[in-house]
Structure formats: structure tokens, C-alpha cells
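A short write-up of the structure that comes next.
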2 protein chains.
Amino acid sequence: MMERKTPQLAAIKQVFIDNHSPMRLEEVLNKAKSIVPGLGQATVYRWIKNLLKIGWIVAVNGPNSSILYEKAGKGHHHHFFCRRCGSMHEIQGTCIEASNVSIPSGFVVEDHELTIYGLCPSCS
Amino acid sequence: MMERKTPQLAAIKQVFIDNHSPMRLEEVLNKAKSIVPGLGQATVYRWIKNLLKIGWIVAVNGPNSSILYEKAGKGHHHHFFCRRCGSMHEIQGTCIEASNVSIPSGFVVEDHELTIYGLCPSCS
DNA sequence: GTCGTTGCAAAGCCTTTGCAGGGAA
DNA sequence: TTCCCTGCAAAGGCTTTGCAACGAC
């Protein structure tokens with residue numbers, strides 16, 4: 001994949017660099033549109049797919065089976081979802097190592113994902 | 001909601017009683033169809049929505065933002081997703097209490113969901 | 001000039017909804 | 001008889017794809 005430096009791709013990347021909370025695709029689209037007004041949604045769909053494939057961003061499972069995206073390479077962390085305002089927050093320094101979990105024999109653990117639900121500081 | 005005892009609803013419930021792993025809606029539909037051949041997908045969509053609302057089943061976030069469903073009232077447990085065969089397993093007795101997690105002040109924890117990724121016994 | 005990239009619109013999925021007939025109570 | 005439930009098909013909503021024009025290199 002030879003990436004060409006287009007304003008559209010630059011805008012999409014910038015959105016991920018500027019925003020640390022995981023975002024829905026529509027949020028990425030809107031934020032990127034404010035940088036490149038004519039940006040089409042198909043372009044965002046295509047680049048998110050590509051950026052996922054090359055590992056520049058990662059997908060996070062959000063509530064209601066939504067998919068959220070965030071920039072990769074931020075180290076292991078978990079996510080907190082506020083049930084009142086619907087916001088998603090990164091929770092740093094709360095790593096639960098897989099070794100702390102007693103898995104039945106036979107299962108090979110590679111990775112894990114933890115989502116905490118509750119109220120964020122603004123809503124509690 | 002006054003539930004009438006129809007063969008369709010009985011079949012859908014039976015599928016959840018017989019299968020302990022979380023299932024995609026399509027799986028529920030197919031299994032229920034083997035009990036009630038003419039079963040329409042709209043009926044399954046409608047009953048899954050209702051059973052969720054009354055808390056008879058619960059939704060689980062699956063990989064790729066898929067939604068999985070399982071019978072409620074099985075106690076707190078986590079899920080293991082096999083990356084090779086795509087199967088989802090219940091992991092009992094591995095409860096990570098929210099109190100074990102150091103959450104920044106201001107956040108009110110109500111619940112959590114843990115998904116472990118790796119290889120199941122059949123695939124490892 | 002080449003060919004990756006883009007925006008638009010059409011096409012594809014999956015899920016929900018409208019509706020008339022059927023059947024549980 | 002009442003009216004909840006069902007299956008079918010149409011409608012919605014979100015994502016992907018086809019295509020011709022554009023533009024990075």
C-alpha cells in the first residue's frame with residue numbers, strides 16, 4: 001500500500017491525533033469535515049478500513065455493538081463508558097493482566113478487553 | 001406485556017435454554033427454525049428485543065461489533081473468544097471485581113464486561 | 001503519464017416496521 | 001370475540017462498491 005499524501009488522509013489522521021477518546025466513525029467524519037469541508041463519507045470509511053489493516057488505529061467495542069476507533073500505539077488500557085452521557089473514556093494504569101484471571105486449562109490467552117460501565121465525573 | 005404461549009416463542013426460548021454459549025441472532029433463528037420450520041426472522045428480531053427488555057436474555061459484545069445473546073440469570077461471568085474458530089465460550093469463576101481496578105476519582109463504577117481473546121481448547 | 005485517491009450515487013446488508021391474516025385466551 | 005402474534009414484504013439505516021474525474025508523484 002503506497003499512501004499518497006492527500007489533504008483528506010491528513011485530516012483523518014489529524015482527528016485521531018487530536019482526540020484521545022475512542023470515536024464513532026460519524027464523529028471522525030464530522031471532525032475531519034471541519035478540516036476538509038468537501039470530505040466524502042466513503043473516503044472516511046475507506047481510510048478507517050485501511051488504517052485498521054495497517055494497525056495505525058484500533059477498533060474498540062462500544063456499547064450497543066457500536067464500533068469505536070482510536071489511534072494505535074497508546075499502550076494497554078481499558079475503557080470507561082458513561083451510561084448517562086454516552087461518553088467513552090480511556091482508563092490508564094488499570095491494567096488487569098491476563099495472568100490474574102483463572103482460565104480453564106486448554107485455553108490460550110492472547111489478549112483481553114475490559115469495558116467498565118458507570119457514570120463519568122461530569123455525570124456523577 | 002402479556003406473553004401468549006406460541007410455538008414460535010417457545011422455540012426461541014428453548015434455543016437459549018439448550019445453548020449456553022452466546023449466539024448471534026442468525027444462529028438463534030436457524031436453531032429455532034429447526035423446531036418451528038416456518039419461523040420468520042422478524043419474529044426472532046421482535047422476541048429478542050422483547051426478551052432483552054424484560055431481562056430474560058442479555059446482550060454480549062462480540063468481536064467485530066457483533067451482538068451475541070445468552071439467557072440471563074447465569075451469574076456474573078466473562079467470555080472467551082477463539083480467534084481461530086470464532087467460537088465464544090463462557091468463562092466461569094474468573095470474576096474480576098470492579099474493586100480490584102483502580103479507577104480515577106470521579107468515576108462511578110456500576111458494571112464491567114471482560115472479553116478474553118485467544119485460542120480455545122479445540123484450536124490450541 | 002501513471003495509478004492511487006476522491007466524491008457521488010447505486011448497491012448491499014442487516015434490522016425495523018406496516019399490514020392483514022391467524023390463533024391463544 | 002378480542003387483540004396479541006406471525007410471516008411477508010417494504011422501508012430504513014448504515015456500510016461497501018462502481019465509476020469517472022482528480023491529483024500526487
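Naming convention: chains lettered A, B, ... in sequence-line order (proteins, then strands); numbering from 1 in each chain.
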(request) Describe, as an angle rounded to 10 degrees, how the axis at the first end of the helix from dG1(C)-dC25(D) to dA25(C)-dT1(D) is tilted relative to the axis at the last end, five pairs per end. (result) 30°
(request) Name the closest nucleotide to the Thr43(A) side chain, picking from dT6(D), dT5(C), dG7(C). (result) dG7(C)
Does [X] reach the side chain of [Y], with side-chain heavy atoms less than 4.5 Å apart?
X	Y	answer
Glu113(B)	Phe81(A)	no
Phe80(B)	His112(A)	no
Ile57(A)	Lys13(A)	no
Ile91(A)	His79(A)	no
Ile48(A)	Asn50(A)	no

(request) Step through it carefully: locate the ring centre of His89(B), locate the ring centre of Phe107(A), and say whether they are under 6.0 Å apart. (result) yes
(message) Between Gly38(A) and Pro7(B), which residue's closest nucleotide on DNA chain C lies nearer the 5′ terminus?
(response)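 Its nucleotide being nearer the 5' end, the pick is Gly38(A).
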How many Å lie between [atom1] on [X] and [atom2] on [N], as a whole number?
X	N	atom1	atom2	result
Ile12(A)	dT6(C)	CD1	C1'	10 Å
Leu39(A)	dG7(C)	CG	C1'	9 Å
Lys33(B)	dT6(D)	NZ	P	15 Å
Ile35(B)	dT6(D)	CD1	P	14 Å
Arg24(B)	dC13(C)	CZ	P	16 Å

Has [X] got a side-chain N or O lying under 4.0 Å from the OP1 or OP2 atom of [N]?
X	N	value
Trp47(A)	dT5(C)	no
Gln8(A)	dT6(C)	yes
Thr6(B)	dT6(D)	yes

Can you check nucleotides 16-21 of chain C for protein contacts, nitrogen or oxygen pairs under 3.5 Å, and list what you find?
unit_1  : atom_1 : unit_2   : atom_2 : d
dG18(C) : O6     : Arg46(B) : NH1    : 3.4

(message) Under a 3.5 Å threshold, yes or no: a donor from one side chain and an acceptor from the other, between Glu90(B) and His78(B)?
(response) no
(request) Go through the side-chain N and O atoms of Gln92(B) and His76(B) and say whether any donor and acceptor fall under 3.5 Å apart. (result)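 Per modelled atom types, Gln92(B) and His76(B) side chains form no pair under 3.5 Å.
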Can you give me every donor-acceptor pair (side chain of residues 31-46 of chain B, partner residue at least two apart or in another chain, under 3.5 Å) with its distance?
unit_1   : atom_1 : unit_2   : atom_2 : d
Ser34(B) : OG     : Lys31(B) : O      : 2.5

(message) Counting distance alone, no hydrogens or angles: does the base of dC4(D) have a donor or acceptor under 3.5 Å from a partner atom on the side chain of Arg4(B)?
(response) yes
